[in-house]
Amino acid sequence: MADLSIEFAGIKSPNPFWLASAPPTDKAYNVERAFEAGWGGVVWKTLGEDPAAVNVSSRYSAIYDHNGEVSGFNNIELITDRSLEINLREIEAVKKSWPDRALVVSLMVPCEEESWKTIVKQVEQTGADGLELNFGCPHGMPERGMGAAVGQVPEYVEMVTRWCKTYSKLPVIVKLTPNITDIRFSARAAKNGGADAVSLINTINSITGIDLDQMAARPLVDGKSTHGGYCGPAVKPIALNMVSEIARDPETAGLPISGIGGIGNWRDAAEFISLGSGCVQVCTAAMIYGFRIVSEMQQGLSNWMDSKGYEKISDFQGLAVPNTTDWKYLNMNYKVVADIDEDKCIGCGRCYIACEDTSHQAISKTARPDGSVAFEVIEDKCVGCNLCQITCPVDSCIKMEQKEADKPYMNWTQDPRNPYRDVS
């Protein structure tokens with residue numbers, strides 16, 4: 001059986017599944033229930049200075065897929081609305097009761113050295129394992145000069161990170177905002193400031209929808225609303241890309257990464273780990289389905305690792321990074337062509353419509369004597385775009401078959417069709 005235990009930025013954990021800083025980690029009652037369920041660690045909901053933040057009602061909205069499941073989740077909740085003293089007391093008690101679990105504390109205070117100096121020392125006294133600097137909250141707090149207002153300015157990221165490393169001996173994890181042009185600049189700044197790790201992504205600025213009767217966005221607060229933080233399965237592709245950008249950037253290569261964004265099962269976790277993450281943080285899935293999902297995550301990841309011969313997390317951590325590259329280095333001479341399995345085809349014609357109307361007219365439609373319709377790929381027109389496979393409702397009915405290359409590897413920087421190719 002695979003060993004799921006990890007050590008992330010010097011913090012030990014029995015498994016890589018942590019709860020992210022959010023409502024599920026806002027009090028001792030929740031965190032202890034999470035540990036009982038099997039979570040390897042938690043990041044305590046963001047602490048701030050007293051007086052505590054004041055939240056509104058309502059706070060959440062969502063987007064649903066065609067099965068009625070939540071695909072995107074939006075929230076306008078702020079950091080903890082409980083006093084700093086109560087939070088610190090509970091953190092200390094929980095860590096004493098669960099010494100084998102990772103307990104990291106998320107922090108957000110004004111961008112002043114004395115404020116950060118004070119709070120990191122207070123947290124250090126609780127026995128917590130590490131600090132996570134919340135430089136990503138996109139709503140409510142940026143208006144006060146905190147959260148994303150810090151995370152969007154690399155100079156501020158570096159400055160505050162350095163303050164925390166100066167005044168605390170605990171590992172410092174910098175949580176990055178995705179609401180930025182290039183995530184690498186923030187990650188580089190965190191590393192330059194002495195960060196032990198980064199975590200990403202925080203939530204994305206969003207409005208999930210408009211109530212057309214009240215003509216206001218959801219969630220509604222007395223007929224008004226605001227942009228919130230978007231998370232859930234819908235943000236996973238964005239998160240994976242940003243994680244990979246940091247993992248393969250020469251300036252941040254080797255910097256520990258805690259992956260966040262749409263993780264709801266073991267496969268999601270494995271994908272983040274394959275792109276370099278040392279642990280993963282979960283929020284939306286736990287809020288929708290409860291803490292017990294972690295047992296399925298652990299079992300699924302362990303079974304998959306056993307099937308692949310991976311004995312520990314580090315055996316496959318980062319294996320997908322070398323295979324993630326810039327578009328210009330992809331092989332221009334590689335070719336795949338769609339192939340339709342007639343025995344599985346149900347004759348719906350979705351592949352034909354998609355290709356005929358919006359792609360390359362590479363599928364023919366022929367009427368059979370019995371009144372049914374046959375669909376066939378026109379190989380010399382097929383560019384291997386995958387659209388027909390994506391639209392097909394039948395599993396494995398359409399496959400992309402690799403064709404033997406008659407030319408050697410050639411990327412865009414070498415392609416004679418590229419007027420700016422390297423001819424040296």
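Numbers here simply count residues along the sequence, with the first being 1.
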Verify, without hydrogens or angle tests, whether [X] (side chain) and [Y] (backbone) share a donor-acceptor contact under 3.5 angstrom.
X: D211; Y: D213; result: yes
X: R101; Y: V94; result: no
X: E90; Y: K27; result: no
X: N386; Y: Q389; result: no
X: S274; Y: A320; result: no
X: N30; Y: P23; result: yes
X: N303; Y: Q299; result: yes
X: D339; Y: K399; result: no
X: S302; Y: Q298; result: no
X: R33; Y: F291; result: no

Given side chains that start at C-beta, do those of [X] and [Y] come closer than 4.5 Å, heavy atoms only?
X: F135; Y: V174; result: yes
X: R417; Y: M332; result: yes
X: L133; Y: T161; result: yes
X: L240; Y: L275; result: yes
X: P154; Y: E158; result: no
X: L131; Y: V123; result: yes
X: T284; Y: I263; result: no
X: S258; Y: S277; result: no

With distance as the sole criterion, is a donor-acceptor pair present between the side chains of [X] and [Y] under 3.5 Å?
X: N15; Y: S5; result: no
X: S199; Y: E132; result: yes
X: Q152; Y: T177; result: no
X: S61; Y: N74; result: yes
X: D50; Y: S83; result: no
X: S244; Y: T324; result: no
X: Y167; Y: E113; result: yes
X: E77; Y: Y60; result: yes
X: N331; Y: N411; result: no

Rounded to the nearest 0.5 Å, what separates atom [atom1] in [X] from atom [atom2] in [Y]?
X: I119; Y: S168; atom1: CD1; atom2: OG; answer: 11.5 Å
X: L84; Y: I91; atom1: CG; atom2: CD1; answer: 8.0 Å
X: K121; Y: L170; atom1: NZ; atom2: CG; answer: 10.5 Å
X: C231; Y: N202; atom1: SG; atom2: CG; answer: 9.0 Å
X: I257; Y: T252; atom1: CD1; atom2: OG1; answer: 7.0 Å
X: T413; Y: R421; atom1: OG1; atom2: CZ; answer: 10.5 Å

Under 4.0 Å between a side-chain nitrogen and a carboxylate oxygen: does that hold for [X] and [Y]?
X: E271; Y: K236; value: yes
X: E245; Y: R248; value: yes
X: D100; Y: K12; value: no
X: K165; Y: D196; value: yes

Are [X] and [Y] close enough that their ring centers fall under 6.0 Å?
X: Y329; Y: W412; answer: no
X: W304; Y: F316; answer: yes
X: Y230; Y: F73; answer: no

Considering all heavy atoms of both residues, which atom of [X] and which atom of [Y] are nearest to each other, and what is their separation?
X: L387; Y: A354; answer: CD2-O, 3.7 Å
X: P178; Y: I204; answer: CG-CG1, 3.6 Å
X: V221; Y: V56; answer: CG2-CG2, 4.0 Å

| query | When C397 is tested against each of C392, C348, C388, C351 for side chain to side chain contact (heavy atoms under 4.5 Å, CB included), which residue passes? | reply |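 By the side chain to side chain contact (heavy atoms under 4.5 Å, CB included) criterion, C397 pairs with just one of C392, C348, C388, C351: C392.
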For atom [atom1] of [X], is the number of surrounding heavy atoms from other residues, nucleotides or ligands below 6.0 Å larger than 12?
X: D326; atom1: CG; result: yes
X: E401; atom1: CD; result: yes
X: R89; atom1: CZ; result: yes
X: D357; atom1: CG; result: yes

| query | W44 and side chain to side chain donor-acceptor pair (under 3.5 Å): which partner among T25, T126, N87? | reply | N87
| task | Please test D129 against K95 for salt bridge (charged side-chain N to carboxylate O under 4.0 Å, His left out), starting from the C-alpha separation and ending with a verdict. | result | CA-CA 9 Å; D129 296 303; K95 185 57 190 178; 2.7 Å; yes
| field | From CA spacing to verdict: side chain to side chain contact (heavy atoms under 4.5 Å, CB included), E32, S97 | value | CA-CA 9 Å; E32 290 189 334; S97 299; 4.3 Å; yes
| request: Anything under 30° is parallel, anything over 60° is perpendicular, the rest tilted; go ahead and classify W98 against F35. | output: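 Tilted, since the angle between the ring planes falls between 30° and 60°.
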| request: Evaluate the criterion salt bridge (charged side-chain N to carboxylate O under 4.0 Å, His left out) for residue pair D26 and R82; output intermediate values, then yes/no. | output: CA-CA 9 Å; D26 74 340; R82 303 188 311 145; 5.4 Å; no
| message | Quick one, L319 with Y310, criterion side chain to side chain contact (heavy atoms under 4.5 Å, CB included). Give me CA distance, side-chain angles, the key distance, then yes/no. | response | CA-CA 12 Å; L319 289 186; Y310 300 132; 3.7 Å; yes
